[in-house]
Structures are given as structure tokens and as C-alpha cells.
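Start at 1 and go down the list; that is how both ligands and their atoms are numbered. The first residue in the sequence is number 1, and the count goes up from there.
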Amino acid sequence: MIIDAHTHIGRKYVIGNAKKLVASMDKAGIDVSLVFAGMMNDCPTERLLREIKPYGKRLRAVGAIAPLMPEGPTVDQAERWLAEDKVIALKFYVGYEHYFPYDDCVRPYLELCVKYGRPAIFHSGDLYNKVPGARLKYAAPLTFDDLAVDLPDLRIVIAHLGSPWPVDAAEVVTKNANVWSDCSGFVYGEFDEEKLAGFRHLVGEFLRVAESREKILFGSDWPICDQASYVAAVRTVFGDEAKDILCDNARRLFGIGV
Ligand SMILES: [Zn+2]
């Protein structure tokens, strides 16, 4: 089984739909993808839920929280998604929306994640420079340490190995039992030799600090990255079948059945 823990559908910045995602998964041999809603991608959670419904358990919704946007979901709405088991996690776009993960504005949503035992996934590291006003200070991996300490029962995913700060991300993951990281988003399209070398280097930096790879998740960041190429790159960089990265770690964290 292969689980892609980081994909998007959307109509702005990120352009992709559920049908194309499933076709890509078939080509790549991926069984389950977590699909992120995103207000900034013009794909709010309710829209995402409608679009992925025909694909059953192959696509698992990740709700998008936007605490500073008037059109963002209320705490009650988010609670309904969690209580009705419609979302497997919640996603937070800190650097694009300008709040720290430990800010009061977002705390009620994070407490819901604790209540329902669902992870909170945060964009971290580099920001897409076509999104106006994106600010790195909110997305730096070290900012997740405060949240991890404040809410020890919240399970946190730092996306993209916090790149270009994989050492910081690894330290936060290693120090805090409740923090994971995904290795998504390291290429536009398919890997070539140079991109593969860059990916290998960043993973090496992360593993130099992390004590184990138990808390690294495979994510591609489709449609930005090609899923089949990404699966091959993960196997090359992590060795053998990389079953822990491609499947076991995510299954444990998200409680995905066989
Ligand atoms: Zn992403």
C-alpha cells in the first residue's frame, strides 16, 4: 500500500481536480491520497468534499482552516466535519495567511484536532512567491516547537521537511513526540538527476539530526509534483521499497486501514 499524505486540488495557484488526481495515482501505484482543501486555491472544504465523494476511501479530505479570513470556516463548521468523520486532518496555511501556529486565533481549531484525535498539518518553509504578501516568519519550522509544547496531545505535521531548513524541522520533530514531517514538494514536475541530488541532500540533512525516520511521511504535493516520479525518488533516496515512508508511518499517524 502507498499513501500520499500531501496533495491538492484547486482552481487558482494550484490547478488540479479529483479525476486527474486519481488517474495520476493509478499511474503511480498510489492507493490513498490525502487531498488538501485551500481557500487560497479557490477550493474551500465543502467544495472539496463534493468533488472527492465519488472516489470513496481512495481520496481522504483534509479541511482548510483560515482563521483570519471572514469567509473561512467557523469553529462549529470545522467541528461538524470532524464529528461526522468527513475530514482526516486539518490544514493550516500559516505563511500565506499571516498568523503563528501558536496564536490565539487558531487555537480553538487546534483544540478540535486534539478532541477528535486528528492531526494538524502546517505548510512550512519556502513560500510560493506568486502568492502576494507571503511571509516566511510564520512558516519557519522552529515556530512549531511552541505549539508542540503548548499542546502535547496535538499531533502536528510540518510539511516539506521545513525546507530550506530541514535541520530545524528535524530538531522539532526529534524533540517533540507529537511532531511529524512530510517530504513533499521538492520538484516541479518530474525529478531529474540534479533535483534528485538536491532531494537526497535535504533528506540527509534531516536524518543527520532526526534519530529515526519513523516520523517522515511520503507526500508528493501533486499537482505541482509528478506522483510516479516522486514514488521512484523516495525509493531511491530512502532505499529498498521505503515501505515505512511510503505507507507505515502515515497509516499509524492517520489511522488508515489496509
Ligand atoms: Zn502543498
Side-chain angles (χ1 to χ4, degrees), residues 2-18 20-21 24-25 28 30 32-45 47-48 51-52 59-66 87-99 101 119-132 134-136 138-141 143-144 156-166 169 179-191 195 198-199 202-203 206 216-231 233-234 245-246 250 253-254:
I2 298 181
I3 300 167
D4 186 336
H6 190 137
T7 70
H8 299 266
I9 58 175
R11 300 182 296 168
K12 190 181 174 192
Y13 300 121
V14 166
I15 314 280
N17 62 40
K20 285 187 179 157
L21 172 56
S24 165
M25 289 162 65
I30 292 170
V32 174
S33 287
L34 273 58
V35 194
F36 299 175
M39 312 289 295
M40 54 180 271
N41 295 324
D42 195 17
C43 184
T45 307
R47 185 189 164 86
L48 176 106
E51 190 174 330
I52 69 170
L59 300 183
R60 305 292 177 94
V62 175
I65 301 304
V87 297
I88 198 166
L90 296 179
K91 172 83 193 278
F92 300 84
Y93 296 85
V94 276
Y96 296 109
E97 296 178 11
H98 308 165
Y99 58 90
I121 304 171
F122 290 87
H123 177 87
S124 179
D126 188 24
L127 294 161
Y128 190 44
N129 59 13
K130 290 204 175 99
V131 180
R135 291 172 193 247
L136 286 169
Y138 299 108
T143 65
F144 299 100
I156 297 164
V157 178
I158 299 176
H160 314 302
L161 301 180
S163 174
W165 302 290
V179 185
W180 281 251
S181 192
D182 80 43
C183 62
S184 67
F186 284 95
V187 69
Y188 288 105
E190 297 184 9
F191 282 92
K195 286 288 172 191
F199 184 41
L202 272 153
V203 168
F206 187 94
I216 302 178
L217 312 171
F218 161 58
S220 65
D221 217 3
W222 185 93
I224 298 163
C225 313
D226 179 85
Q227 283 183 313
S229 175
Y230 225 103
V231 169
V234 164
I245 310 292
L246 290 172
L253 174 61
F254 295 103

Do we get K195 above F199's six-membered ring, with its NZ or CZ under 6.0 Å from the centre and within 45° of the axis?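 Judged by the rule (NZ or CZ under 6.0 Å from the ring centre, within 45° of its axis), K195 is not positioned above F199.
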
Answer yes or no: is there a side-chain heavy-atom contact under 4.5 Å between L253 and V157?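 The answer is yes; the side chains approach within 4.5 Å.
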
Centroid separation H123 to Y93 less than 6.0 Å: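 No, they do not, as the ring centres are separated by 6.0 Å or more.
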
Please enumerate all residues that pass salt bridge (Lys or Arg N to Asp or Glu O under 4.0 Å) together with R11, with sequence neighbours excluded.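 Salt bridge (Lys or Arg N to Asp or Glu O under 4.0 Å) check on R11 returns D42.
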
Classify the angle between the aromatic ring planes of Y138 and H98 as parallel (below 30°), tilted (30 to 60°) or perpendicular (above 60°).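 Correct class here is parallel.
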
Name the orientation class of the two ring planes belonging to F218 and Y230 (parallel below 30°, tilted from 30 to 60°, perpendicular beyond 60°).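 Aromatic pair F218/Y230 classed tilted.
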
Return the set of protein N, O or S atoms whose distance to the Zn ion (ligand 1) is under 2.8 Å, each given as residue and atom.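 Within the sphere that stays under 2.8 Å of the Zn ion (ligand 1), the protein atoms of type N, O or S are H6 NE2, H8 NE2, D221 OD1.
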
